[in-house]
2 protein chains.
Amino acid sequence: MPHRRSALQPGPATSRGATREQVDAAVRTGLLTGRFIPGKSVTIRGLAAELGVSPMPVREVLQRLAAENALEVKSNGRIQVPDMTPTRFDEVLKARLLLEPELAELALPNLAAGDAGRLQTIDDDIDRCLVDGDAEAYLRLNHAFHFSIYRASGSRVLLPLIDSLWLQFAPFMRTVYGRVGTASLVDRHKEAIRAIELGDKDALHAAIAADIRDGMGLLGKEILAGA
Amino acid sequence: MPHRRSALQPGPATSRGATREQVDAAVRTGLLTGRFIPGKSVTIRGLAAELGVSPMPVREVLQRLAAENALEVKSNGRIQVPDMTPTRFDEVLKARLLLEPELAELALPNLAAGDAGRLQTIDDDIDRCLVDGDAEAYLRLNHAFHFSIYRASGSRVLLPLIDSLWLQFAPFMRTVYGRVGTASLVDRHKEAIRAIELGDKDALHAAIAADIRDGMGLLGKEILAGA
DNA sequence: CGTGTCATTTTGTGATCACAAAATCCTGCG
DNA sequence: CGCAGGATTTTGTGATCACAAAATGACACG
């Protein structure tokens, strides 16, 4: 059977590069929500069949994600989700601490009162996920919380860099949460929301940095302990 | 006429993904040395013909570089070198100031005495380029200088981020140097070398930051003045 | 039962094709 | 001479093919 686009479907919105964008979004959210496990190899034909498209757009998307260091092309050409190492973890943590608080500050002037309310809603959902132990939903919502702030900056430079960082550590965090559970997680979201409401640059900077340290830094020992 | 690989050449080293890597290197150095002008569109078939390969590896490379924000895919699918804007310039400058001094610090313990000598050699060549007014050679050597330091860090996270930043501002800087010349350029390379020789973390951090500010920040007014 | 070897399958890569949308060029009209 | 409109070319995209390398599995031998 040929691929989906062969069958003439009445779908009206097959604009330029629509298939590639669909594949890109699928793989990205898959990485961010932990549906791809570090070390597991991803095959072009496999993903293409799974998504019902030809291998061509999948090839381009995987190359793109490899360029963002979200995937790793090994010397034999196989593509896989990179393994996390202690030094890599430290580097991602350092990069996040350098970039994310700064971008949050940049976004602060663009955040209206309605945004604080929206963030509050997301954070409430996050709290529910933590008690339910729904790690996948937590990852998705935590990403939504942070990037709702970052996106308000309108940045086209810092934001893609941070995007790349999240794609790099998210798959690993998923395995960590799967092991230690979500109950022990703490965040500084409420402080961040309060800082946004007050328009306090320094408080927001501190809240984001503390949130990164609490959410990620505390789990750094896990990889040192676990083999 | 078919493409080059059709003719069976005795080339022994046609390993996995060799063509793509060749194309990738060609476009990357082209961007870093200013052979691609901002705003100018890059065509897949054009580049493929120019490099003597099929459009296929070019497609993947351009997608990769678009993922790194070194190229821009417009809504109609055309690919072009992004234009520089004042806000974009400020963001790149801010990101560089955040990341590069930090990575230099990380690299410092791995820099031996021989490295300082090698950097000195590069800096001497740079000084020659400045008096000769050879902007392209300057861009290439300045990149070599900075990344000789950064690469010593062995970083696999921060280094790619900085790589992306350089690909974003290099084409623009080329046009600036073409307009104002290279005579007015100053750098803090000698201070950086001295800091490396002394193993002084803080001095190296300050030297790299000052170098970025002098080499890039001073020219920020150019884009505000020139339309 | 373990192990090395060979056949089979899977997989990435480069190339080419078909198609639609966009851009470009040319022409004819005002 | 300027400019609108249509034909032509260019260009990106998705699909498929051919090929070589790598991974996998089967199987015979020790």
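Just so you know, these numbers use all the heavy atoms, side chains as well, and skip hydrogens, waters and symmetry mates. Here is how names work: the chains are called A, B, and so on, in the same order as the sequence lines, proteins then strands, and each is numbered from 1.
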Task: Set of residues satisfying salt bridge (Lys or Arg N to Asp or Glu O under 4.0 Å) with respect to Arg78(A), sequence neighbours excluded - done: none
Open item on the list: Suppose we screen for salt bridge (Lys or Arg N to Asp or Glu O under 4.0 Å). Which residues come up paired with Asp90(A), at least two apart in sequence or across chains?
Closed with: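 Checked Asp90(A) against salt bridge (Lys or Arg N to Asp or Glu O under 4.0 Å); zero matches.
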- [ ] Figure out the CG/C1' separation between Asp24(B) and dG14(C), and round it to whole Å.
- [x]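 That distance rounds to 16 Å.
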Task: Interatomic distance, Glu21(A) CD vs dG14(D) P [rounded to whole Å] - done: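 That distance rounds to 10 Å.
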Open item on the list: Run the side-chain hydrogen bond (donor to acceptor under 3.5 Å, both in side chains) test against Glu91(A) and tell me which residues pass, sequence neighbours left out.
Closed with: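 Counting only residues at least two positions away or on another chain, Glu91(A) forms a side-chain hydrogen bond (donor to acceptor under 3.5 Å, both in side chains) with Ser155(B).
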Task: Set of residues satisfying side-chain hydrogen bond (donor to acceptor under 3.5 Å, both in side chains) with respect to Asn69(B), sequence neighbours excluded - done: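 Result, side-chain hydrogen bond (donor to acceptor under 3.5 Å, both in side chains) vs Asn69(B): none returned.
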TODO: Considering just the side-chain nitrogens and oxygens of Ser54(A), establish if one lies under 4.0 Å of OP1 or OP2 belonging to dG14(D).
DONE: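 No, because none of the side-chain N or O atoms of Ser54(A) sits under 4.0 Å from OP1 or OP2 of dG14(D).
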Open item on the list: So if I define the base as every atom that isn't primed, P, OP1 or OP2, how would nucleotides 7-13 of chain C read as a B/S/- string at a heavy-atom cutoff under 4.0 Å?
Closed with: ----BBB
Task: By side-chain contact (heavy atoms from CB on, under 4.5 Å) - contacts of Arg28(A) (at least two apart) - done: Asp24(A), Leu65(A), Glu68(A), Leu167(A)
